[in-house]
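Ligands are counted one by one from 1 in listed order, and the atoms in each one are counted from 1 as well. The structure presented is a predicted model; accordingly, all values stated were derived computationally and were not measured.
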Amino acid sequence: MEVRVRYAPSPTGLQHIGGVRTALYNYFFARSQGGKFILRIEDTDRERYSDESLQDLYDTLEWLGISWDEGPNVGGPYGPYVQSERLEIYQKYARQLVEDGKAYYCYCTPERLEKLREEQAASKSRYQGYDRHCAHLSEEERRAAEEAGIKPVIRLRVPTEGKTTFHDVLMGDITRRNSDVSPDPILLKSDGYPTYHLANVIDDHLMGITHIMRAQEWIPSGPLHILLYEAFGWEPPVYCHLPMVCGKDGQKLSKRHGDTAVRDFRAKGYLPEAILNYVTLVGWSLDGSREFFSREELEKCFVLENIHVSSGTFDYKKLDWFNGQYIRRKSDDEIVSLILPYMQKAGYVSASPTKQELDRLHMLASPLRERMRLVSDAVPLSAFIYDDRPCTDKSQYIAKGMDEEGTRTAFARGAEIVLANERAGRPFEETESAVKALAEELSVKVNAIFQPIRVAITNSTVSLPLHDSIRLLGLEETTRRIERALKLFN
Ligand code: GLU
Ligand code: ZN
């Protein structure tokens, strides 16, 4: 049996971490099984639909390098893969259910249903929901309603007795009393649009889906879907509901925790490799210890059974660490193309960069690679090159535990060593040992000497390594900045 799985998002919002993880698990499972990965757009909720969400879906999957075997833009034998283009299919199958007695037309007006809701709420009756008023209309009643021009909905006849069970790969058997399934839910709305349940079940069946991997919040819909498969006389697929993605506090990941839309991570300079790798590990592991996986590796080694049963924790710090690790693996050329848009946006590099500007970026590549966590860090880390504003806040030069007097001496004598060594072209290790010796002589920490020099050169207490900063600025400019800062102390 060929594995066929799908990612079936509703374009009603930006792709977030949880949704993307669902897409990745489906994709990796299909690839590792030599099966097919299908993309289906569930866009029947026209009120919440947005073009922007759909475009964001395509952009995000493309950015992550996830391609689909069947779906929009590529087609396939079971298309169309966009639900709003399949309305006639749903209408036909819904009518079929009515003919078979498994579903029925309901002519209740919104006013009647509203009144029903109010009465139920007021009487605090245990029974909530549709009262099956139209389940047994006579032929005359039906015709009268039709003649009155009322457009009916189609509702599923849910059995009032018995239980429904479905099996989930991770959760085992899940059983619900049929009397607890919502009474006779709408399958087809009066405007001819299907509800999620009808369209989802029909499409999974017609598209030959073998395994359903989706968020655990869909478990409550499981029994209803099984009842629909039974009504149609179809075999349900294998279910694998995915545990939630939570923040560190154990609550479902949401904006309260930080960014959740992949687009926002992307804008900040996260790499697709890092997102793909880390998001996959939130709720899955190969052997409990291995951390680094490329997309190609996951396409081979992903195992469904290794999905964790308990919810996964999304740790922003851990993602930052992964991102840094992936940045370290980039070549100089790759770093330059990654940072270029950020440098342009900051106004450091022109829209069509000159050779001189590009040479600078190439010089920056290596020191940046060791220091960046996010690609956007390139801007603050290199700001000192493009902006020679001095730091006039004296306290910035003064290291912890130092005073102004001590800093003046440490700074002046340290700067002398650094500049002399640079002028003589000595390796930076020599500068470091000379500064260390000076620190001992003055009974101060090494940082008490380096901090004022660093602030003088880069206008920041956190910067690229000192010797790289000097190399980037050139000796002349470095000297000028140091002299300028020394004046502050004299
Ligand atoms: N359109 C649904 C969603 O966005 C699909 C759920 C499912 O996979 O069945 O979550
Ligand atoms: Zn009715």
Please name all residues satisfying ring-ring contact (aromatic ring centres under 6.0 Å, His included) with Tyr316, sequence neighbours left out, ordered by chain then number.
Phe314

Would you say Met213 touches ligand 1, if touching means a heavy atom closer than 4.0 Å?
no

Using the side chain to side chain contact (heavy atoms under 4.5 Å, CB included) criterion, which residues pair with Ser123? Sequence neighbours excluded.
Ser125

To the nearest 0.5 angstrom, please state how far the CD atom of Gln216 sits from the SG atom of Cys240.
9.5 Å

Applying a heavy-atom cut-off of 4.0 Å, say which part of Asn200 lies close to ligand 1: side chain, backbone, both or neither.
side chain

Ignoring hydrogens and angles, state whether a donor on the side chain of Ser460 or Ser463 is under 3.5 Å from an acceptor on the partner side chain.
no

Identified side-chain hydrogen bond (donor to acceptor under 3.5 Å, both in side chains) counterpart of Arg6 within the set Asp204, Asn26, Thr210:
Asp204

At a cut-off of 2.8 Å, list the protein N/O/S atoms near the Zn ion (ligand 2), residue plus atom name.
Cys106 SG, Cys108 SG, Tyr130 OH, Cys134 SG

Residue and atom name of the nearest protein heavy atom (relative to atom 10 (O) of ligand 1), distance in Å to one decimal:
Trp218 NE1, 3.2 Å

Would you call the rings of His197 and His225 parallel, tilted or perpendicular if under 30° counts as parallel and over 60° as perpendicular?
perpendicular

Atom indices of ligand 1 within 4.0 angstrom of Glu42 heavy atoms, with elements
1 (N), 2 (C), 5 (C)

So is Tyr7 in contact with ligand 1, going by heavy-atom distances below 4.0 Å?
no

Determine whether the aromatic ring centres of Trp284 and Phe302 lie less than 6.0 Å apart.
yes

What protein heavy atom lies closest to atom 8 (O) of ligand 1? Include the residue and the distance to one decimal.
Arg6 NH1, 2.6 Å

Could you tell me the residue and atom name of the protein heavy atom closest to atom 5 (C) of ligand 1, and the distance to it rounded to 0.1 Å?
Ala8 O, 3.2 Å

Under 6.0 Å from the ring centre and within 45 degrees of the ring axis: does the NZ or CZ of Arg329 meet both conditions for the six-membered ring of Phe292?
yes

Can you list the residues that meet the side chain to side chain contact (heavy atoms under 4.5 Å, CB included) rule with Lys115, with sequence neighbours excluded?
Glu119

